[in-house]
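Contents: one structure, followed by commentary.
Scope of the values below: all heavy atoms of this structure, side chains included, with no hydrogens, waters or symmetry mates. Just so we're clear, the structure is a prediction, and the values are computed from it rather than from any experiment.
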Amino acid sequence: MPELPDVEHARRVLAERAVGRRIELTVTTDPGVLRNAPAETLDRTLRGHRLIEPERHGKWLIVWTSGPAIVIHFGMTGGLILGEGPQGRHRHDRVIFELDQGELRYRNMRKLGGLWLALDRQEITGILGPLGPDALGLGRRQFRELVARRRGWVKAALMDQRFLAGVGNLLADEALWRGRIHPARRMEELAAPERERLFDGLRTVVRTSVERFDDVPGMRGWLMNVRGLPGAACPRCHTVLGRTVVGGRTTYFCPRCQPER
DNA sequence: TCAGTTGTTTATAT
DNA sequence: AATATAAACAACTG
């Protein structure tokens with residue numbers, strides 16, 4: 001589930017275990033994931049710098065060093081692995097940062113997403129593009145303001161990174177299911193209590209999935225745990241789930257808990 | 001062989 | 001100006 005929780009997990013691992021380490025060598029085994037600098041530049045620019053506290057905005061990870069920053073997006077199949085050494089390397093480890101102690105690997109099977117080099121915050125802003133507020137720690141009032149100026153399908157809004165940063169297909173379905181809102185309802189037609197339910201569902205889903213990263217998906221009683229299974233039923237009322245497409249993505253919902261109107 | 005997959009960008013249409 | 005849709009990217013799995 002490379003959505004906000006995965007990226008936040010990676011950020012915490014780095015913060016706890018990699019801050020202070022020095023990059024000795026950057027090995028690029030697949031230049032296809034480098035988006036704005038050739039492998040040689042990446043290595044030359046980063047070499048000798050130490051990792052400092054990383055940041056996250058939505059699904060973007062910003063790995064700061066004492067010099068430039070590495071801007072990382074996981075796409076659908078990416079992640080970071082902190083290893084003790086070269087053992088355990090995988091063929092989808094596309095870039096490897098050899099540290100003075102251990103190594104950091106950017107693994108990405110499908111190569112959507114990638115890795116950027118940025119020299120300052122302004123460059124990072126340009127790489128990230130327009131992003132809404134981060135979904136983790138989003139306040140209720142802020143959410144109300146956001147919703148007030150959005151029209152169209154509610155699920156499309158949740159997944160729109162310019163509206164709200166960090167929520168993808170699975171989290172959007174989960175939040176809607178929790179809030180008992182049909183994914184194809186229109187934002188401007190949601191009544192005030194429905195908007196509050198949506199916020200509550202979103203907050204619970206984002207917070208819980210960040211704190212219990214290892215169990216997501218797979219958490220009992222969650223939509224994620226059953227979506228896609230043949231004959232899957234709503235964990236709440238056991239009605240057979242509905243399946244449709246919203247915002248271009250396969251969408252699961254409970255026809256009973258989340259009525260169309 | 002075919003359909004499907006957690007994400008984003010681009011083009012096109014409304 | 002926003003929003004909706006589809007295709008493309010790419011590499012797998014069932």
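- Among the nucleotides C:dT5, C:dA10, B:dT5, the one closest to any side-chain atom of A:K111 is C:dA10.
- Residue A:G248 is classed as having no contact, given no heavy-atom separation below 4.0 Å to the nucleic acid.
- At whole-Å resolution of the value, CG in A:D173 and P in B:dT6 are 9 Å apart.
- Here the P atom of nucleotide B:dT8 and the CD1 atom of A:I127 are 15 Å apart, to the nearest Å.
- Backbone-only contact: A:G152 has heavy atoms under 4.0 Å from sugar-phosphate atoms and none from a base.
- Residues A:R249 and A:R151 both approach DNA chain C. Their nearest nucleotides, taken by heavy-atom distance, put A:R151 toward the 5′ side.
- Listed for the A:R21 side chain is no donor-acceptor partner under 3.5 Å among the backbone atoms of A:I52.
- The side chain of A:Q161 places no N or O atom within less than 4.0 Å of a non-bridging phosphate oxygen (OP1 or OP2) of B:dG7.
- Nucleotide B:dT6 holds its C1' atom 11 Å from the CE atom of A:M159, rounded to whole Å.
- Of the side-chain N and O atoms in A:H92, none sit less than 4.0 angstrom from OP1 or OP2 of C:dA10.
- Distances were taken from every side-chain heavy atom of A:W153 (C-beta onward) to each of B:dT5, C:dT5, B:dT6; the shortest belongs to C:dT5.
- Crowding of A:Q87 atom CD: a count of heavy atoms from other residues, nucleotides or ligands under 6.0 Å exceeding 12.
- Looking at A:E174 and A:R227, no side-chain N of the basic residue comes within less than 4.0 Å of a carboxylate O on the acidic one, giving no salt bridge.
- Taking 4.0 angstrom as the limit, A:R110 places none of its side-chain polar atoms (N or O) nearer than this to OP1 or OP2 of B:dG4.
- Residues A:E53 and A:V19 meet the side-chain proximity criterion, which asks for heavy atoms closer than 4.5 Å.
- Within 4.0 Å (heavy atoms only), A:L112 reaches at least one base atom of the nucleic acid.
- The partner of B:dT14, taking Watson-Crick or G-U wobble pairs whose two distances both stay under 3.5 Å, is C:dA2.
- As judged by a 4.0 angstrom heavy-atom cut-off over every strand, A:R91 is placed among residues touching the sugar-phosphate backbone only.
- For the pair A:Y252 OH and B:dG4 C1', the computed distance is 9 Å after rounding to whole Å.
- Closest to the A:K59 side chain, of the nucleotides C:dC12, B:dT5, B:dT8, is B:dT8.
- One finds a side-chain N or O of A:H73 lying less than 4.0 angstrom from the OP1 or OP2 phosphate oxygen of B:dT8.
- Distance from the side chain of A:R94 is smallest for C:dA11 among the nucleotides C:dT3, B:dT8, C:dA11.
- To the nearest angstrom, C1' of C:dA10 lies 12 Å from OH of A:Y106.
- Looking at heavy atoms from C-beta onward, A:T65 lies in side-chain contact with A:I23 at the 4.5 angstrom threshold.
- Ring geometry for A:F199 against A:F143 counts as tilted: the plane angle lies between 30° and 60°, on a 0 to 90° scale.
- The interatomic distance linking A:R35 (CZ) with C:dA10 (C1') rounds to 10 Å, in whole Å.
- Dashed line: the shortest gap from a side-chain N or O of A:T77 to OP1 or OP2 of B:dG7 is not under 4.0 Å.
- Atom P of nucleotide B:dT6 and atom CG of A:N108 are separated by 15 Å, given to the nearest angstrom.
- Rounded to whole Å, atom C1' of B:dG4 lies 12 Å from atom CZ of A:R227.
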